[in-house]
2 protein chains.
Amino acid sequence: MNKKDIIEKLNKSGLKATHQRVAVLDALMKTKTHPSAEELYKTILKQYPTISLATVYKTLESLKEVGLVRAIKTDCDYVRYDAITTNHFHLYNPEQNKLEDYYDNDLKSIIDNYFKNKKIDNFEIKEINLQLIGEFK
Amino acid sequence: MNKKDIIEKLNKSGLKATHQRVAVLDALMKTKTHPSAEELYKTILKQYPTISLATVYKTLESLKEVGLVRAIKTDCDYVRYDAITTNHFHLYNPEQNKLEDYYDNDLKSIIDNYFKNKKIDNFEIKEINLQLIGEFK
DNA sequence: TATTAACTAGTAACGATTATTATTTAGGAA
DNA sequence: TTCCTAAATAATAATCGTTACTAGTTAATA
């Protein structure tokens, strides 16, 4: 995705398309490692040496609020981020601290269909968060 | 579950059955709110006024290592704990910061069966972590 | 181009968690 | 039972990811 598209994405979400926000969203969309704010900051510094770590945090928070970005909590002690593309799940290994996307439309359908029929008392599902813990081979 | 059973549980797991560990496990098993270490500490203080917060943290870590306790990460900024009984899922609302157990053997079977047939390349599942985000009514 | 609300940089502060260390204790051996 | 010792705890300092603060800057609109 090029810069124009990113700027449009931001504007559509009601956020000012600042250089910093474009840089953060761009960097996050380009990686598959689900970086922390700090990792993202270090990456962005190479292209944008004056950006502040606090800005990266604040930007991620703003992007999260408008739904362009998702925070992923794992067993590790910092938050990792995910540029939202489509519904997917995650594979995680705590020893390696490795986190990967897992796309599985079949499983997604199965779970979605399940909850179409089975309603939970006193709870309305907005989002399904599935993390598979295990070992990468 | 009474104290004797808790002590046995600890011994079976290879942990010394100290008063502190019994108190922590007992308190965690008695609640359904999935408390944080600090909340648990405050609860335990009433019965055990000399226990230290650091001990609660360390104890939870030990119990987690042997599989008697599970850490639950949510959108909120602290870790919540769960005395493991049987496989279950969680319902969570970020605004209310409310976290509840969700038992659903049907869904559990569906997912387990799904992964009996469908293997993920280069990944062996050890545990399935499902959080349903939504609104309590 | 001028205006201004929104945003950012730099840094201090916060708070959940972990590390440290002197003291205490659980559980096995004598 | 008493003794012994490795393991655990209490108290508190330190850590570190994240957030708050504030003076200065900028994107977007007229």
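Convention: sequence-line order gives letters A, B, ...; per-chain numbering from 1. All values below come from the heavy atoms of this structure, side chains included, with hydrogens, waters and symmetry mates left out.
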Undergrad: CD/A/Glu39 to OH/A/Tyr78 distance, rounded to the nearest 0.5 angstrom?
TA: 5.0 Å
Undergrad: Which whole-number value in Å describes the distance from A/Glu65 CD to C/dA6 C1'?
TA: 14 Å
Undergrad: Tell me which pairs pass salt bridge (charged side-chain N to carboxylate O under 4.0 Å, His left out) where either residue lies in residues 45-65 of chain B, with sequence neighbours left out.
TA: A/Asp75-B/Lys64
Undergrad: Could you pull out the protein-nucleic contacts involving nucleotides 11-13 of chain D (nitrogen or oxygen on both sides, under 3.5 Å)?
TA:
residue, atom, partner, partner atom, Å
D/dA11, N7, B/Ser52, OG, 3.4

Undergrad: Please find the pair of heavy atoms, one from A/Cys76 and one from B/Lys73, that lie closest to each other, and give the distance.
TA: O-NZ, 2.9 Å
Undergrad: Tell me the interatomic distance from B/Tyr41, atom OH, to C/dA16, atom P, rounded to whole angstroms.
TA: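 Interatomic distance, OH of B/Tyr41 to P of C/dA16: 14 Å.
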Undergrad: Can you pull out how bent the helix from C/dT1-D/dA30 to C/dA30-D/dT1 is, comparing the axes over its first five and last five pairs, to 10°?
TA: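 That helix gives 40° between its end axes.
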Undergrad: Let me confirm one number: the CZ-CD1 distance from A/Phe136 to B/Ile120, rounded to the nearest 0.5 Å.
TA: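 Reported value, rounded in 0.5 Å steps: 9.0 Å.
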Undergrad: Should A/Ile84 and A/Ile6 be counted in the same cluster of Ile, Leu, Val, Met, Phe, Trp and Tyr side chains packed under 4.5 Å apart?
TA: no
Undergrad: Not counting sequence neighbours, list each pair that qualifies as a salt bridge (charged side-chain N to carboxylate O under 4.0 Å, His left out) and has a residue in residues 123-137 of chain B.
TA: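 Listed once each, the pairs are A/Glu124-B/Lys137, A/Lys126-B/Glu135, A/Glu135-B/Lys126, A/Lys137-B/Glu124.
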Undergrad: Atom OH of A/Tyr78 and atom P of D/dT18: how far apart are they, to the nearest Å?
TA: 9 Å
Undergrad: Output the rounded distance in Å from CZ (B/Arg80) to C1' (C/dA16).
TA: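 Distance, rounded to whole Å: 15 Å.
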Undergrad: Can you find a heavy atom in the side chain of A/Asp104 that is under 4.5 Å from one in the side chain of B/Tyr114?
TA: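 Side chain of A/Asp104 against side chain of B/Tyr114, heavy atoms only: contact under 4.5 Å found.
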Undergrad: Between A/Glu8 and A/Lys4 (salt bridge meaning N to carboxylate O under 4.0 Å), is one present in this structure?
TA: no
Undergrad: For A/Tyr57 and D/dT18, is the shortest distance between a side-chain N/O and OP1 or OP2 below 4.0 Å?
TA: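 It does, given that an N or O in the side chain of A/Tyr57 lies less than 4.0 Å from OP1 or OP2 of D/dT18.
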Undergrad: In whole angstroms, how far is the P atom of C/dA16 from the CD atom of B/Glu39?
TA: 10 Å
Undergrad: Does the side chain of A/Asn129 pick up a donor-acceptor pair with the side chain of A/His90 at under 3.5 Å?
TA: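 Looking only at side-chain atoms, A/His90 and A/Asn129 do not form any donor-acceptor pair under 3.5 Å.
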Undergrad: Anything under 30° is parallel, anything over 60° is perpendicular, the rest tilted; go ahead and classify B/Tyr103 against B/His88.
TA: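 Rings of B/Tyr103 and B/His88: tilted, as their planes differ by 30° to 60°.
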Undergrad: What is the distance, to the nearest angstrom, from the CG atom on A/Leu10 to the P atom on C/dA6?
TA: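 Atom CG in A/Leu10 sits about 17 Å away from atom P in C/dA6.
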Undergrad: Are the side chain of B/Arg80 and the backbone of B/Thr33 linked by a donor-acceptor contact shorter than 3.5 Å?
TA: yes
Undergrad: Find which nucleotide of DNA chain C each of A/Tyr48 and B/Lys58 is nearest to by heavy atoms, and output the residue with the more 5' nucleotide.
TA: A/Tyr48
Undergrad: Can you give one letter per nucleotide of nucleotides 21-30 of chain C, going 5' to 3': B for a protein heavy atom under 4.0 Å from the base, S for sugar-phosphate only, - for none?
TA: -----BS---
Undergrad: Using whole Å, what does the distance between atom P of nucleotide C/dA16 and atom CG of B/Asp75 come to?
TA: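 Interatomic distance, CG of B/Asp75 to P of C/dA16: 15 Å.
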Undergrad: Just by distance, no angles: are the side chains of B/Asn97 and B/Tyr92 close enough, under 3.5 Å, to form a donor-acceptor pair?
TA: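 Yes - a donor-acceptor pair under 3.5 Å links their side chains.
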Undergrad: Should the heavy atoms of other residues, nucleotides or ligands under 6.0 Å from CD of A/Gln47 be counted, would the total exceed 12?
TA: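 12 or below, so no.
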Undergrad: Would you tabulate the nitrogen or oxygen pairs shorter than 3.5 Å linking the protein to nucleotides 12-14 of chain C?
TA:
none

Undergrad: Distance check, rounded to the nearest 0.5 Å: B/Leu15 atom CG versus B/Leu63 atom CG?
TA: 6.5 Å
Undergrad: Rounding to a whole Å, what distance do you find between B/Arg21:CZ and D/dA10:C1'?
TA: 15 Å
